[in-house]
J.: 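Take a look at this one; I'll ask things after.
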Amino acid sequence: MNRPPRSVLPLALGFGAIGVLHFLRPQFFDRIVPPWVPVSPRTATLVSGAAEIAGGLGVLHPATRPAARWGLLALLVAVFPANLYMAQHPEKFGTPPWVALARLPLQPLLAWWVSRAGR
């Protein structure tokens, strides 16, 4: 098997690690789920965590990389409302407003990275 490109390894590790944190420390992720999401916060946390782990593993192998790319891009779109909710209400999360706002432009950059690495 060919080794994955270097740009894929930190991406896989990052998504995998954050996905695992969804299961180890779900309370934080539960709290940032916007109240209008039609599933329970815990369900949203566990589903998104599993998707992050699957996507992180998926980008490692050339055969699954295209599907992982699209899955991770869809995931980034799906979780953006949680980041927006956190930016709108940073006081609920003990996060400085600038930190919550700074996370927002990172989403499109991460999507660009996923798109490039997932080819």
Side-chain angles (χ1 to χ4, degrees):
M1 179 171 86
N2 293 342
R3 294 183 69 161
R6 279 194 284 219
S7 65
V8 169
L9 295 175
L11 192 67
L13 182 60
F15 273 104
I18 295 297
V20 168
L21 279 177
H22 280 66
F23 291 91
L24 296 178
R25 305 234 188 264
Q27 300 81 6
F28 170 78
F29 300 99
D30 291 350
R31 289 182 22 232
I32 66 171
V33 174
W36 53 263
V37 171
V39 297
S40 74
R42 181 57 50 95
T43 298
T45 293
L46 297 178
V47 168
S48 62
E52 291 191 29
I53 294 168
L57 291 172
V59 297
L60 291 174
H61 194 279
T64 55
R65 197 169 293 139
R69 171 189 183 209
W70 289 111
L72 288 173
L73 289 171
L75 177 69
L76 288 170
V77 170
V79 301
F80 188 76
N83 293 325
L84 189 58
Y85 180 66
M86 188 176 189
Q88 291 171 328
H89 307 285
E91 70 284 350
K92 291 183 179 183
F93 310 106
T95 302
W98 71 269
V99 171
L101 287 171
R103 291 179 54 169
L104 297 179
L106 293 178
Q107 291 287 118
L109 291 174
L110 191 54
W112 174 82
W113 188 10
V114 166
S115 181
R116 298 278 302 173
R119 291 185 182 166

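Note: hydrogens, waters and symmetry copies are ignored here, and every other heavy atom, side chains too, is used.
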J.: Do Trp36 and Pro81 come close enough that some side-chain heavy atom pair is under 4.5 Å?
T.: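 Yes, close enough: below the 4.5 Å cut-off.
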
J.: I would like to know whether Phe80 and Leu76 meet side-chain contact (heavy atoms from CB on, under 4.5 Å); could you show each step before the answer?
T.: CA-CA 6 Å; Phe80 188 76; Leu76 288 170; over 6 Å; no

J.: Can you name the closest pair of heavy atoms from Ala12 and Leu60 and give their distance?
T.: CB-CD2, 3.6 Å

J.: Run the numbers on Phe15 and Ile53 for side-chain contact (heavy atoms from CB on, under 4.5 Å), then give the verdict.
T.: CA-CA 6 Å; Phe15 273 104; Ile53 294 168; over 6 Å; no

J.: Which heavy atom of Phe23 sits nearest a heavy atom of Gly49, and at what distance?
T.: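 Closest pair (atom of Phe23, atom of Gly49, distance): CE1-C, 3.8 Å.
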
J.: Run Glu52 and Leu75 through side-chain contact (heavy atoms from CB on, under 4.5 Å) and show every step you take.
T.: CA-CA 8 Å; Glu52 291 191 29; Leu75 177 69; 3.1 Å; yes

J.: Count I, L, V, M, F, W, Y as connected when their side-chain heavy atoms are under 4.5 Å apart, and connections chain through other members. Are Val33 and Val39 then in the same cluster?
T.: yes

J.: What's the shortest heavy-atom distance between Arg65 and Val59, and which atoms?
T.: NE-O, 2.6 Å

J.: Is there a side-chain contact between Met86 and Thr95 in this structure, where contact means two heavy atoms from C-beta onward sitting under 4.5 Å apart?
T.: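 They are in side-chain contact.
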
J.: Count the heavy atoms of every other residue, nucleotide or ligand shown that sit under 6.0 Å from CZ of Arg42, and state whether that count exceeds 12.
T.: yes

J.: Mind checking the CG-CG spacing from Leu109 to Leu104? Nearest 0.5 Å is all I need.
T.: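 Interatomic distance, Leu109 CG to Leu104 CG, rounded to 0.5 Å: 11.5 Å.
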
J.: Does the ring centre of Phe93 sit less than 6.0 Å away from the ring centre of His89?
T.: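 Between His89 and Phe93, the centre distance exceeds or equals 6.0 Å.
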
J.: In this structure, would Trp112 and Leu13 fall into the same cluster of hydrophobic residues linked by side-chain contacts under 4.5 Å?
T.: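 Per the 4.5 Å side-chain linkage, Trp112 and Leu13 are not co-clustered.
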
J.: Count I, L, V, M, F, W, Y as connected when their side-chain heavy atoms are under 4.5 Å apart, and connections chain through other members. Are Trp113 and Leu73 then in the same cluster?
T.: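 Yes, Trp113 connects to Leu73 through the hydrophobic network.
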
J.: Mark yes or no for whether Ser7, through its side chain, and Ala117, through its backbone, hold a donor-acceptor pair below 3.5 Å.
T.: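 The answer is no, because no donor-acceptor pair under 3.5 Å joins these two groups.
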
J.: Closer than 3.5 angstrom, by distance alone: can the side chain of Thr45 be matched with the main-chain N or O of Pro41 as a donor-acceptor pair?
T.: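 A pair under 3.5 Å: yes.
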
J.: Nearest 0.5 Å, what's the OG1-CG distance between Thr43 and Asp30?
T.: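 With rounding to 0.5 Å, OG1 (Thr43) is 9.0 Å from CG (Asp30).
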
J.: How far does CZ of Phe29 sit from CD1 of Ile32, to the nearest 0.5 angstrom?
T.: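 Between Phe29 CZ and Ile32 CD1, I get 6.5 Å after rounding to 0.5 Å.
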
J.: Which residue pairs pass the salt bridge (Lys or Arg N to Asp or Glu O under 4.0 Å) test with at least one member in residues 86-114, sequence neighbours excluded?
T.: none

J.: The criterion is side chain to side chain donor-acceptor pair (under 3.5 Å); which residues satisfy it with Arg31, sequence neighbours excluded?
T.: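 Arg31: no side chain to side chain donor-acceptor pair (under 3.5 Å) contacts found.
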
J.: Go through the steps to decide whether His22 and Leu46 satisfy the test side-chain contact (heavy atoms from CB on, under 4.5 Å), and finish with yes or no.
T.: CA-CA 6 Å; His22 280 66; Leu46 297 178; 5.7 Å; no

J.: Side-chain heavy atoms under 4.5 angstrom apart, residues restricted to Ile, Leu, Val, Met, Phe, Trp, Tyr: same cluster for Ile18 and Leu72?
T.: no

J.: If you compare all heavy atoms of Ala68 against all heavy atoms of Gly58, which two are closest, and at what distance to 0.1 Å?
T.: CB-C, 3.5 Å

J.: Transitively linked via ILVMFWY side-chain contacts under 4.5 Å: Leu110 with Val20?
T.: yes

